[in-house]
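Data block below; observations after.
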Amino acid sequence: MSDYKQTGSITTLHRLPGYELEKIEKELRRYSKRNPMTLLLPSLYSELEGPALENIIEELKKSEYINKIVICIDQADEEQFEKAKKFFDRLPQKKMILWNDGPRLRAIADSLEKAGLGPSEPGKGRNVWYCIGYILAANNSKAVALHDCDILTYSRDIPARLFYPIVSPALDYEFCKGYYTRVNSEGRLSGRVTRLFVQPLITSLKKLLGNTDYLEFLDAFRYPLSGEFSLSTDLLSAIRIPSDWGLEIGILSEAYRNMTPRRVCQVDIADNYDHKHQDMGTSDHDGGLSRMTYEIAKAVFRKLGTEGTTMDSSFFRALKAVYLREALDMLEKYDADAHINGLSIDINSETSTIEFFSGSILDAGEKYLHNPMEIPFIPNWNRVFSAFPDLPEQLLEAVELDNA
């Protein structure tokens, strides 16, 4: 970003003239001796065959300060897991691959699910949760960063700028969120769910409810749906991971619950960010952006409920009306921004998208009213290890045997 203005309740770490990747990597190599860093990579097996991961591996080979890389593979049979081990073997760092569908980790998962302490639904939330369990069991990290494996515009600036605020002794942060610009290869603004749903939804809620601390906290993030973040391992054991598609908003809610905003920051990690794009999905919210917006709205409503906010059917009808106006006004701003930068926005398509997204607000509101006590979070690992004291050793043994 070209400015350096600080707004909102959290610190923004911009990319300013004078930034040198090699300089902060040199510092990170020094810090890594006392503050070991672990990079967490949640991945589907299909992403090993995609266009992004090959470049990600080549960039990470140069990130010598990373002490360990933990890769979590979903939807892989035994033959595919063996291929995955060979694929990631090029990385010079210490590494472990969690084979989530393998018999050893599946047996552990079955026992946790039977006790009501493990996620039963597959997905990124479950994948990340088991990775966190393994990292805590290994107990050899001070900071953990996470990013997706489908980033087409990846550079090693991403992990460097994520880790730096957590491990630098000159700074005092426990949670760091990445942000960036989203422009696709065709010169169109991307990030529809952030631009056309999350931002106007938060603005609409602030109009109806006033400036609550929680809404101010969410509104401070430039890209709240970024899948790239870092945190201290002290925080890692306390946070609860959402099991649905509200993962990113849920993680922010946990950061809000567990610490003061003074210990939270966001960092500019890329000039541009592009990855695989979701389709719209259908109005029954079974997939695509439809499901994403529906579960994001549910996550926000549940958190507001725990903050003492009273919501009923008339509230959600009013919220939908305010959202439509706010989203359309925001679309005009993005259209102007696109024009001056030589980019394009399809006004008709994006207006239809806003109208489609508005249905998620009412449906999520009805779901919340029907079952306000729904608990979408997977228990944190402090609770799980308390219930199963020997689980850390079981996890370590299972992963080591799979990687042998």
Side-chain angles (χ1 to χ4, degrees), residues 1-3 5 7-8 12 14-15 51-52 148 150-155 158 177-207 218-228 245 248-249 266 268-283 285 287-297 300 319-364:
M1 301 295 289
S2 58
D3 65 60
K5 187 175 181 179
T7 58
T12 298
H14 306 84
R15 185 187 295 252
D148 291 331
D150 62 350
I151 307 170
L152 298 170
T153 51
Y154 187 85
S155 75
I158 291 177
K177 181 84 162 173
Y179 73 89
Y180 33 65
T181 301
R182 292 287 311 278
V183 178
N184 68 18
S185 58
E186 299 171 353
R188 290 182 180 271
L189 286 184
S190 299
R192 289 169 293 175
V193 176
T194 292
R195 289 190 297 109
L196 306 180
F197 185 73
V198 175
Q199 274 193 300
L201 176 63
I202 293 171
T203 304
S204 303
L205 286 166
K206 289 171 71 174
K207 277 196 169 183
L218 288 186
D219 203 23
F221 289 93
R222 297 192 174 201
Y223 205 96
L225 297 188
S226 161
E228 291 68 41
W245 285 28
E248 286 77 20
I249 290 293
Q266 60 183 338
D268 186 347
I269 59 173
D271 292 332
N272 184 35
Y273 180 104
D274 194 19
H275 69 166
K276 69 180 181 183
H277 299 274
Q278 296 274 358
D279 59 20
M280 288 296 295
T282 59
S283 58
H285 312 301
L289 302 186
S290 172
R291 180 177 177 185
M292 188 180 297
T293 53
Y294 172 70
E295 295 190 346
I296 287 169
V300 173
L319 178 61
K320 178 183 177 181
V322 176
Y323 160 79
L324 280 169
R325 183 65 269 158
E326 288 294 324
L328 291 171
D329 288 347
M330 203 164 284
L331 177 55
E332 291 183 10
K333 297 177 183 179
Y334 282 115
D335 183 48
D337 210 0
H339 271 84
I340 198 170
N341 287 288
L343 304 173
S344 61
I345 282 183
D346 186 333
I347 294 292
N348 178 54
S349 173
E350 299 225 329
T351 300
S352 298
T353 297
I354 289 169
E355 293 167 351
F356 182 75
F357 285 169
S358 69
S360 296
I361 294 174
L362 280 184
D363 293 344

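Along the sequence shown, residues carry numbers from 1.
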Any heavy-atom pair between the side chains of [Y] and [X] that's under 4.5 Å?
X: Asp271; Y: Thr181; answer: no
X: Leu152; Y: Pro51; answer: yes
X: Leu331; Y: Ile345; answer: yes
X: Thr282; Y: Ser290; answer: no
X: Lys207; Y: Glu326; answer: yes
X: Phe221; Y: Gln199; answer: no
X: Glu350; Y: Leu189; answer: no

Checking the side chain of [X] only, and the main-chain atoms of [Y] only, is there a donor and an acceptor separated by less than 3.5 Å?
X: Thr194; Y: Tyr223; result: no
X: His14; Y: Lys5; result: yes
X: Asn184; Y: Glu186; result: yes

Over all atoms of both residues, closest heavy-atom pair of [X] and [Y]:
X: Val183; Y: Ser190; value: C-OG, 4.0 Å
X: Asn341; Y: Asp337; value: ND2-O, 2.8 Å
X: Gly227; Y: Asp148; value: CA-OD2, 4.2 Å
X: Ile151; Y: Ala52; value: O-CB, 3.4 Å
X: Arg188; Y: Ser344; value: CG-OG, 3.2 Å
X: Gly8; Y: Ala220; value: CA-CB, 4.1 Å

Say you draw a straight line from [atom1] of [X] to [atom2] of [Y]; how long is it, rounded to the nearest 0.5 Å?
X: Ile340; Y: Asp335; atom1: CD1; atom2: CG; result: 12.0 Å
X: Met292; Y: His285; atom1: CE; atom2: NE2; result: 13.5 Å
X: Ser185; Y: Asn272; atom1: OG; atom2: CG; result: 10.0 Å
X: Lys333; Y: Arg195; atom1: NZ; atom2: CZ; result: 13.5 Å
X: Thr353; Y: Leu196; atom1: OG1; atom2: CG; result: 6.5 Å
X: Tyr334; Y: Ile347; atom1: OH; atom2: CD1; result: 13.0 Å

With side-chain contact (heavy atoms from CB on, under 4.5 Å) as the test, would you mind laying out the steps for Phe357 and Leu201 before giving the verdict?
CA-CA 10 Å; Phe357 285 169; Leu201 176 63; over 6 Å; no

Please indicate whether Lys206 has more than 12 foreign heavy atoms, meaning atoms of other residues, nucleotides or ligands, lying under 6.0 Å from its NZ.
yes

Asp329 and Arg325 ion-paired at < 4.0 Å:
yes

If the threshold is 4.0 Å, N to carboxylate O, is there a salt bridge linking Arg222 and Asp268?
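Result for this pair is no, no salt bridge flagged.
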
Can you sort out the partners of Ser358 under side-chain contact (heavy atoms from CB on, under 4.5 Å), two or more places apart, ordered by chain and number?
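Partners of Ser358 by the side-chain contact (heavy atoms from CB on, under 4.5 Å) criterion, ordered by chain and then number, come out as Lys320, Tyr323, Leu324.
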
What residues, two or more places apart in sequence or in another chain, satisfy ring pair (Phe, Tyr, Trp, His ring centres under 6.0 Å) together with Tyr273?
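Partners of Tyr273 under the ring pair (Phe, Tyr, Trp, His ring centres under 6.0 Å) test: Tyr180, His275.
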
Output, in order, the C-alpha distance, side-chain angles, deciding distance and verdict of side-chain contact (heavy atoms from CB on, under 4.5 Å) for Thr12 and Tyr179.
CA-CA 10 Å; Thr12 298; Tyr179 73 89; 3.5 Å; yes

Do Leu225 and Ile296 pass the side-chain contact (heavy atoms from CB on, under 4.5 Å) test, and can you show the C-alpha distance, the side-chain angles, and the key distance before you say yes or no?
CA-CA 10 Å; Leu225 297 188; Ile296 287 169; 3.8 Å; yes

One pair to check against side-chain contact (heavy atoms from CB on, under 4.5 Å): Phe197 and Ile361. What are the steps and the verdict?
CA-CA 10 Å; Phe197 185 73; Ile361 294 174; 3.8 Å; yes

